[in-house]
A.B. asks: 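Take this structure, written in structure tokens, and hold onto it; I'll ask about it next.
The shown structure was predicted, so the numbers you read here are calculated from the model rather than taken from an experiment. Naming convention: chains lettered A, B, ... in sequence-line order (proteins, then strands); numbering from 1 in each chain.
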Amino acid sequence: MSTNGTNGTAAAPIKLTRKDFTSDQDVRWCPGCGDYAILAQVQKVMPELGVARENIVFVSGIGCSSRFPYYMNTYGFHGIHGRAPAIASGLKISRPELQVWVVTGDGDGLSIGGNHLIHALRRNVDLKILLFNNRIYGLTKGQYSPTSELGKKTKSTPYGSIDHPFNPISVALGAAASFVARTIDTETKHLQEILLRAARFKGSAFIEIYQNCNVFNDGAFEVVTDKATKSDNQVVLEHGKPLIFGKERNKGVRLTGMFQPEVVTLGENGITEKDLLVHDETAPNAGLAFLLSQLEPPAFPVALGVLRAVERPTYDQLAVDQEKKLLGSKGDGDLRKLLHSGETWEVS
Amino acid sequence: MSTNGTNGTAAAPIKLTRKDFTSDQDVRWCPGCGDYAILAQVQKVMPELGVARENIVFVSGIGCSSRFPYYMNTYGFHGIHGRAPAIASGLKISRPELQVWVVTGDGDGLSIGGNHLIHALRRNVDLKILLFNNRIYGLTKGQYSPTSELGKKTKSTPYGSIDHPFNPISVALGAAASFVARTIDTETKHLQEILLRAARFKGSAFIEIYQNCNVFNDGAFEVVTDKATKSDNQVVLEHGKPLIFGKERNKGVRLTGMFQPEVVTLGENGITEKDLLVHDETAPNAGLAFLLSQLEPPAFPVALGVLRAVERPTYDQLAVDQEKKLLGSKGDGDLRKLLHSGETWEVS
Amino acid sequence: MDIQAPTAPAKPHEAVDTVVIRFCGDSGDGMQLTGTEFTKAAALHGNDLSTLPDFPAEIRAPAGTLAGVSGFQLSFSSQVVYTPGDAPDVLVAMNPAALRTNLADLLPNGVLIVNLGAFTANNLEKAGYKSNPLEDGSLDQKYRLYKVDISKLTQTALADSGLSTKEIGRCKNFFTLGLMFWMYNRNIVPEVENIKQKFSKLPAIADANVKVFKAGYHYGETAEIFTTSYEVRPATDIPKGKYRNITGNEATALGCVAAVKLSGLRLFLGSYPITPASDILHQLSLYKNFGIVTFQAEDEIAGITAAIGAAFGGSLALTTTSGPGMALKSEAMGLALMTELPLVIIDVQRGGPSTGLPTKTEQSDLLQAYYGRNGECPIPVIAACTPADCFNMAVEAFRLAVKYMTPVILLTDGYLANGAEPWLLPNIADLPKIEVAFRTDPVGFQVYARDAETLARQWVRPGTPGLEHRIGGLEKDFTSGNVSYDPDNHEAMIKIRAAKVAGIAKDIPLQAINGEPTGDLLVLGWGGTYGALTKATDECRARGLKVSSAHLRHLNPFPANLGEILRSFKRVLIPELNDGQLIKIVRAQFLVDAQGLNKIQGKPFKVAEVVASIEAHVGVVKAAEGGRSHVQGEVRA
Amino acid sequence: MDIQAPTAPAKPHEAVDTVVIRFCGDSGDGMQLTGTEFTKAAALHGNDLSTLPDFPAEIRAPAGTLAGVSGFQLSFSSQVVYTPGDAPDVLVAMNPAALRTNLADLLPNGVLIVNLGAFTANNLEKAGYKSNPLEDGSLDQKYRLYKVDISKLTQTALADSGLSTKEIGRCKNFFTLGLMFWMYNRNIVPEVENIKQKFSKLPAIADANVKVFKAGYHYGETAEIFTTSYEVRPATDIPKGKYRNITGNEATALGCVAAVKLSGLRLFLGSYPITPASDILHQLSLYKNFGIVTFQAEDEIAGITAAIGAAFGGSLALTTTSGPGMALKSEAMGLALMTELPLVIIDVQRGGPSTGLPTKTEQSDLLQAYYGRNGECPIPVIAACTPADCFNMAVEAFRLAVKYMTPVILLTDGYLANGAEPWLLPNIADLPKIEVAFRTDPVGFQVYARDAETLARQWVRPGTPGLEHRIGGLEKDFTSGNVSYDPDNHEAMIKIRAAKVAGIAKDIPLQAINGEPTGDLLVLGWGGTYGALTKATDECRARGLKVSSAHLRHLNPFPANLGEILRSFKRVLIPELNDGQLIKIVRAQFLVDAQGLNKIQGKPFKVAEVVASIEAHVGVVKAAEGGRSHVQGEVRA
Ligand SMILES: Cc1ncc(C[n+]2csc(CCOP(=O)(O)OP(=O)(O)O)c2C)c(N)n1
Ligand SMILES: Cc1ncc(C[n+]2csc(CCOP(=O)(O)OP(=O)(O)O)c2C)c(N)n1
Ligand code: SF4
Ligand code: SF4
Ligand SMILES: [Mg+2]
Ligand SMILES: [Mg+2]
């Protein structure tokens with residue numbers, strides 16, 4: 001058994017660069033697609049992880065976003081639609097020393113693949129899952145997705161969608177995900193930071209990345225990406241810090257007595273930072289993270305950053321432990337003994 | 001088109017009795033199975049709904065629980081494993097005047113069928129979904145399920161399960177379910193009450209029912225069903241009421257400054273009812289319901305009752321509205337016109 | 001007819017029978033639109049025609065790359081047209097990449113029009129050209145090369161338009177279109193109207209496109225380089241009546257709408273998007289005022305099971321997909337079979353296996369349609385043979401499903417789905433009836449009691465008092481439909497389900513033959529290859545070969561006379577766009593030593609390929625008759 | 001040998017060759033345990049044997065009902081045993097429902113032992129008896145009826161045990177077992193040990209069971225009603241060596257463990273529970289110390305795709321299921337094929353279609369295994385022919401998968417899975433090698449470069465420096481494995497994938513024939529029908545009929561000599577437990593007018609059924625030779 005792998009912790013012999021992670025394949029997304037920005041940031045943070053290229057695998061399903069593995073000069077698997085979390089689970093559980101990333105889309109990961117996603121999260125398989133949410137089916141040319149807003153007109157909803165959308169973060173929290181974060185394709189630094197945090201987290205790490213599909217759903221996230229409006233519509237979470245946002249950083253989120261969120265202005269009605277909700281990534285009960293996941297413009301700012309990061313044993317580690325324990329008590333399996341177990345008799 | 005259906009509101013001509021809902025099929029569950037109790041209560045509340053038998057359909061997947069439709073003297077569809085919410089969605093969307101119930105198990109509804117379940121919930125298709133949670137695969141004779149506890153020894157986990165379980169209520173809330181409740185097979189009256197509430201709710205209603213599988217997982221819910229321990233381990237939610245529980249009804253749940261739940265004793269340290277969390281089924285932000293969904297013995301009592309009931313437009317109603325609007329603007333579709341639309345020419 | 005052309009053509013024009021044009025360029029160059037607009041004009045002119053679009057798999061591969069080339073071929077003629085043509089007479093290449101990937105197909109001495117302005121060093125490099133092929137003289141010798149700087153001419157035409165360079169760039173396909181209108185003497189008036197309507201929300205763009213379109217037209221007329229224009233007269237031997245141009249997917253959707261009207265029921269479509277089937281979903285979504293409910297499900301399994309739920313509820317039920325989605329529906333098809341509910345499953349086949357070649361055509365799901373389910377699970381299979389025939393076969397699928405209370409699989413393919421042809425609009429009164437008789441009488445009701453003739457059980461709509469019943473996927477009692485584990489009952493049910501499907505043979509037309517009823521060779525085909533096989537057969541017959549063709553639209557069961565037909569020919573050739581699927585079924589059923597002609601390139605047959613194969617096989621027959629029977633076995637041309 | 005029986009049998013005993021016993025009773029009566037224990041004793045005694053358990057679909061249907069009857073049949077003999085027997089010589093019925101559902105099978109004049117105590121008015125009514133069949137004399141005339149009040153005798157034996165009535169009731173199957181031990185002169189000493197061990201955690205129950213077991217034994221000896229006991233001597237003409245009794249599912253699991261040792265790799269099983277395949281998952285879950293990882297996935301699709309992930313990671317990859325689950329795996333099988341990764345897919349077939357008859361056996365997934373995927377997707381298919389053969393075929397599946405870098409489908413069925421037979425333990429050194437050579441050299445690495453002999457690409461383990469590469473479900477370039485939409489490349493890939501599978505024919509044994517290499521009739525079978533077909537053929541041969549049998553274990557590709565074999569017989573009969581599946585493939589491939597014998601009752605063939613069919617078909621041959629060729633076509637006996 002080869003043991004040259006690491007789990008994202010040991011240092012690779014040579015310091016790699018972004019270029020080392022760029023494959024020889026032509027990138028085939030539409031010019032202007034948000035996927036380019038994400039690819040660039042992933043390639044950029046990879047060398048920071050100190051994991052040898054050969055010990056990294058990118059697994060995806062089908063969709064524009066799912067072509068991602070082709071562009072990474074690591075091992076890669078472009079699976080079938082929706083099944084990336086399952087493929088990746090099998091790989092990671094059987095090869096715990098590899099670092100396994102999953103790239104999926106809002107259709108791939110939340111429509112056809114929703115079940116595999118939530119099961120991987122509840123099991124806490126040590127996967128890094130990047131969900132490129134462009135609120136549209138890109139590859140099949142523009143049908144609405146499970147994250148498209150009510151009323152959206154697309155090829156398959158010419159009179160407007162009547163499907164209430166998923167909130168991917170809420171779905172992940174509902175599935176008992178241990179690490180949950182949200183970021184944006186264009187927020188280069190934030191994206192990098194979150195990627196690094198996820199990579200270093202031990203357990204399933206789920207990142208929703210708002211991604212612009214400029215061909216079929218241009219400007220879907222304008223309100224949180226546009227320079228003019230973004231600071232009023234996003235609150236960047238920091239562990240242990242109060243929820244402050246706004247162009248002048250004078251707005252905050254606090255909770256009412258009925259445990260409902262409320263936007264307040266610092267300095268008005270005697271409100272100070274002390275009144276605000278303080279973010280706690282590690283809260284034992286996930287109710288608070290769930291509450292934050294549901295904040296949405298126009299009434300609230302969208303919460304960006306790490307909503308939850310609570311380590312618990314990973315499935316892959318528990319599997320290794322169980323095997324070790326059994327090896328301890330029963331020893332290495334002996335085929336002959338096994339075949340000859342139970343009642344046997346001799347014909348002579 | 002027949003219009004003799006109702007949506008659970010109009011009264012049926014004759015007052016039916018429980019017997020009217022009992023089919024001629026032999027009930028084939030193991031003696032002692034919790035499914036019997038649920039069947040009895042469902043048959044009991046049916047007449048209360050004032051819906052004619054012929055306008056009710058029970059749809060199920062595969063599992064012991066999924067044999068339910070055979071025993072109801074209504075229309076029934078015993079589907080394939082995991083697909084009941086999808087079958088039921090197709091039925092309800094195409095026949096909104098029918099009252100459609102789904103019966104599923106923890107394996108059927110949360111393992112293979114998890115995706116259909118969460119999509120039906122987010123869409124808010126007006127289905128009444130009963131998930132019989134016995135934390136085991138009954139029909140296939142005792143493998144662990146997605147709700148089985150860590151460490152559980154079953155046929156497929158001889159050394160104990162390493163799968164962190166789902167909390168079905170959290171999953172439903174994560175999927176933006178509009179009505180979410182929890183009850184127990186043996187709590188006859190509570191079960192009835194919840195069934196009635198669900199039936200009368202307009203929208204997807206999800207009920208988790210703790211159900212004892214006395215053959216493969218006997219006593220799974222003992223701590224919340226056993227006379228001796230139950231009052232300390234369950235808190236029955238009531239809208240607008242504080243969370244009080246315990247044999248002597250002197251315990252309560254309150255929130256800490258960091259919005260974490262905490263069990264307190266009334267009368268100790270000056271704590272009164274006023275300090276306790278007050279239940280609000282209709283809170284706009286579902287964070288509170290989510291927090292409650294995660295309470296678990298031994299540290300906390302399990303929350304029973306309606307955790308969330310927030311009406312929003314149903315998918316089926318929106319579909320009807322959209323069709324009506326189009327009929328208003330375009331009129332009843334004319335096939336000849338449609339065929340002859342676009343550019344045509346005459347060959348003569 | 002001065003409406004025909006606003007300015008009378010000043011140059012000579014030559015009459016030709018059939019022309020095959022291929023437009024190709026970058027995905028961003030609008031070649032699909034150009035092709036479609038020219039197609040319309042040909043149709044309005046009264047030509048018969050057939051089209052073949054060819055998309056890249058990427059949404060928008062980087063501009064100028066080989067992967068990003070998009071093409072559209074059409075054949076239009078004063079005669080009956082069967083295929084979009086083997087090879088183009090005229091190739092319009094909007095950039096070097098398009099030239100490189102398409103040139104090999106152009107006929108020797110064919111017309112080659114290139115957009116000179118796109119042959120920049122950068123684009124040449126992206127296309128992998130070491131030197132500029134327009135300059136090394138290689139093309140001039142083989143083709144009638146016309147170098148037109150379409151980019152620049154467009155630019156010039158719109159110099160005063162106030163549009164941005166990018167916007168102007170997007171207009172250049174209309175120059176091409178105008179040029180071709182001139183070259184083939186098409187009426188530009190309706191097209192000008194067309195453009196105005198299409199861009200009615202962007203009047204500036206509309207004006208620009210009209211301007212460029214006319215510029216192209218006038219360029220042809222004026223510029224020194226073009227000497228002749230051509231005339232393809234209206235087709236005369238095609239049936240009289242009102243026509244429109246239609247793609248296979250459009251026809252399929254319209255067939256479903258027709259089924260709604262013919263049955264008086266509502267229709268429920270449960271579907272999940274997948275290339276090349278998505279357009280059926282898109283189109284049916286428009287027709288909610290026809291009593292059509294479309295449900296974009298979370299996956300293919302939800303799509304079909306929701307449709308099964310709707311079928312139980314008494315709607316016409318439909319699910320649409322392509323290969324990989326079809327695979328996912330396997331288990332649920334068994335449920336539809338077991339519950340004996342009417343359900344139409346449309347598989348628009350594409351290149352497989354697995355994700356395969358999503359935008360390419362293939363006929364490789366036939367065996368899956370026949371056998372891709374657990375247990376004995378016979379389901380009727382039918383296939384459309386031309387784009388317009390998709391309409392008929394969609395109606396037929398619903399007719400069979402409702403009459404026999406069974407799932408029915410309709411196979412079309414990417415070639416049919418996206419290809420177009422003129423469609424003689426049917427008289428609605430002549431369409432087959434879809435009779436629906438829901439049971440309402442509770443007296444003597446047995447869930448699985450069958451009609452003696454069709455062996456169908458009765459359809460019951462929930463909501464009907466006294467008929468409450470329960471069905472599902474476990475084996476059912478022969479009459480009551482209750483769950484039954486009885487051994488003999490199981491065998492009886494397996495047999496009667498099979499007999500029900502087999503019995504459909506009595507209810508479908510006998511197989512027609514193109515040509516004599518006996519002969520040396522029968523060309524047996526199915527699905528989208530109809531045009532190529534028929535044309536090839538006709539050509540060979542014209543040359544005196546004793547060959548006939550038969551094209552199956554009903555595949556399970558086969559028409560009752562198929563065995564007899566097969567036995568009436570000395571040899572049977574089964575051309576398929578797969579590795580041999582129908583041939584397996586035919587050989588097993590009829591023990592005929594049929595031979596295959598198989599092409600698995602994501603492309604339709606060329607007529608010439610089929611002709612060559614026919615000749616080879618007739619040669620074998622002749623050789624055998626001449627006593628030289630050693631030329632046996634596999635002949636693949 | 002006084003260890004043989006602690007008390008010397010006082011009554012006369014008679015030697016017999018073969019006995020078929022069926023135990024039946026309520027699900028709660030412990031008949032499966034009784035059967036299994038008796039089987040062990042027969043095995044220890046040196047008999048050859050074969051067993052057939054028959055469960056109800058319900059977990060525990062209400063006591064006493066027809067739906068709740070559970071049965072276990074075994075045949076044991078001093079000769080080689082091929083099947084569990086057509087019809088029991090001895091029927092033990094523990095209640096009226098069991099009697100009613102099983103009596104029809106008992107041979108005339110067979111031994112019928114009933115538990116008198118269970119024939120209460122209530123139980124008789126539940127079983128649908130209007131009068132008590134034990135009292136109306138009808139049984140005495142046809143059978144050797146023994147009415148034993150097992151309930152009461154058990155009660156009496158345990159009067160002082162301190163156990164509750166319910167607990168005592170559960171012991172009565174050991175009375176039955178004891179009685180049968182006496183009747184067939186079995187050694188009770190090991191069984192007493194057995195019982196003690198089995199119930200070691202409940203000593204009171206262990207003691208009670210031993211007591212009741214002995215009471216049953218002594219009852220036989222002492223009671224007036226039994227006059228004779230029987231002796232079935234150890235089988236002599238079976239190979240020497242060490243044996244154990246094994247079911248098909250156990251053998252399958254052990255075969256997978258063997259593959260681990262033979263390959264030196266770890267094994268990953270991705271599976272979702274389903275009857276009758278779940279036991280393989282259960283058993284492999286026990287063997288984590290063998291380097292086996294079992295993953296109970298959320299569904300069948302996750303099961304197979306997780307296995308594909310593990311295969312990519314360099315593990316032996318396995319997924320196990322039954323019919324409906326197999327259908328769900330269709331799409332993912334295509335991915336395994338496209339990525340050319342080794343993967344074993346085990347389908348333990350059950351009664352279909354749809355949910356069908358979950359606990360019954362059938363051979364109706366062969367066509368699904370062959371063709372149930374989109375696109376051209378050839379996958380090797382093999383099948384086990386006896387419970388013990390499941391071991392060999394599991395090893396073979398992994399050998400082929402790894403050597404040819406391909407998914408491989410192994411078909412077993414419910415009959416094999418739950419049935420048991422003695423298994424001559426293999427010598428590990430004699431097992432086939434599973435050679436694994438992961439590529440590690442980056443120089444000249446091409447992802448889809450192939451071995452010239454096997455056409456397999458090389459397996460690369462992530463973690464290997466310099467070999468980073470990407471694969472997936474889109475069509476791949478012939479050599480580099482990059483995505484390719486090239487038409488000719490696609491055809492070349494389709495062909496080479498097919499050639500790789502076809503080439504396996506060179507690597508598998510030629511088909512063996514049971515009987516002469518030529519003759520009037522060949523009985524061609526596959527899978528779990530081996531015993532019945534072989535026995536029937538042997539019987540017919542013994543009667544002088546010119547019939548031979550061949551039993552396929554490799555189904556895709558077939559052994560290289562199959563065509564020749566088929567041509568060496570005047571007629572071919574293909575008996576299958578389906579509506580005709582292998583026959584379709586054979587007819588298509590070899591153009592042989594093979595005839596089918598089809599039984600679709602959720603039950604295995606009886607030898608007599610096959611014999612009758614053989615006779616009829618040989619009759620047709622003879623008639624034809626006698627010039628009376630009018631007896632053509634379908635002969636089904
Ligand atoms: C089984 C199957 N069903 C459907 C498809 C078609 N399909 C490919 S990608 C896709 C959706 C892609 O949407 P998303 O995951 O949001 O990715 P994006 O393209 O937006 O990045 C669909 C429906 C497929 N390839 N396979
Ligand atoms: C496609 C498919 N996979 C697997 C099965 C086998 N199966 C039937 S029911 C079941 C699980 C039942 O568990 P649950 O839903 O919890 O129901 P319960 O029996 O406990 O009520 C399984 C795995 C099946 N019938 N079909
Ligand atoms: S279609 Fe949208 S998501 Fe896909 S590559 Fe183009 S811009 Fe990106
Ligand atoms: S196995 Fe369990 S869940 Fe199923 S019927 Fe028996 S007791 Fe109920
Ligand atoms: Mg998307
Ligand atoms: Mg369960």
A.B. asks: Between B/Tyr75, B/Tyr70, B/Tyr315, B/Phe77, which shows the greatest number of heavy-atom pairs under 4.5 Å with chain C?
C.D. replies: B/Tyr75
A.B. asks: Pick from B/Lys325, B/Met72, B/His81: which one has the most heavy-atom pairs with chain C under 4.5 Å?
C.D. replies: B/Met72
A.B. asks: Might you confirm whether atom NZ of B/Lys44 has over 12 heavy atoms from other residues, nucleotides or ligands at distances under 6.0 Å?
C.D. replies: no
A.B. asks: Do C/Met338 and C/Glu475 come within less than 4.5 Å of each other through their side chains, counting heavy atoms only?
C.D. replies: yes
A.B. asks: Can you tell which part of B/Ser60 gets under 4.5 Å to a heavy atom of chain C, answering side chain, backbone, both or neither?
C.D. replies: neither
A.B. asks: Using non-hydrogen atoms only, which part of B/Arg67 is less than 4.5 Å away from chain C: side chain, backbone, both, or neither?
C.D. replies: side chain
A.B. asks: Just by modelled atom types, is the B/Thr74 backbone N or O under 3.5 Å from a matching donor or acceptor in the C/Arg470 side chain?
C.D. replies: yes
A.B. asks: Looking only at atom types and distance, does a side-chain atom of B/Trp345 sit under 3.5 Å from a main-chain N or O of C/Ala43, one as donor and one as acceptor?
C.D. replies: yes
A.B. asks: Name the region of B/Phe58, side chain, backbone, both or neither, that has any atom closer than 4.5 Å to a heavy atom of chain C.
C.D. replies: neither
A.B. asks: Which atom pair, heavy atoms only, marks the closest approach of C/His45 to C/Pro234?
C.D. replies: O-CG, 3.2 Å
A.B. asks: Does any backbone or side-chain atom of C/Ile471 lie under 4.5 Å from a heavy atom of chain B? Answer side chain, backbone, both or neither.
C.D. replies: both
A.B. asks: Measure distances from C/Val293 to the heavy atoms of chain B and classify the residue's part below 4.5 Å as side chain, backbone, both or neither.
C.D. replies: side chain
A.B. asks: For the candidates B/His340, B/Arg336, B/Lys330, which exhibits the highest count of non-hydrogen atom pairs separated by less than 4.5 Å from chain C?
C.D. replies: B/His340
A.B. asks: Among B/Leu339, B/Leu327, B/Asn73, B/Asp332, which residue forms the greatest number of heavy-atom pairs with chain C at distances under 4.5 Å?
C.D. replies: B/Leu339
A.B. asks: Main chain of C/Arg233, side chain of C/Asn47: is a donor-acceptor contact present, judged purely on distance under 3.5 Å?
C.D. replies: yes
A.B. asks: Quick check: does any side chain N or O of C/Lys476 sit under 3.5 Å from a backbone N or O of C/Gly472, one acting as donor and the other as acceptor?
C.D. replies: yes
A.B. asks: Do you know which of B/Ile56, B/Ile93, B/Val59 has the most heavy-atom pairs with chain C at a distance under 4.5 angstrom?
C.D. replies: B/Ile93
A.B. asks: Tell me, for C/Val483 versus chain B, whether the close heavy atoms (under 4.5 Å) come from the side chain, the backbone, both or neither.
C.D. replies: side chain
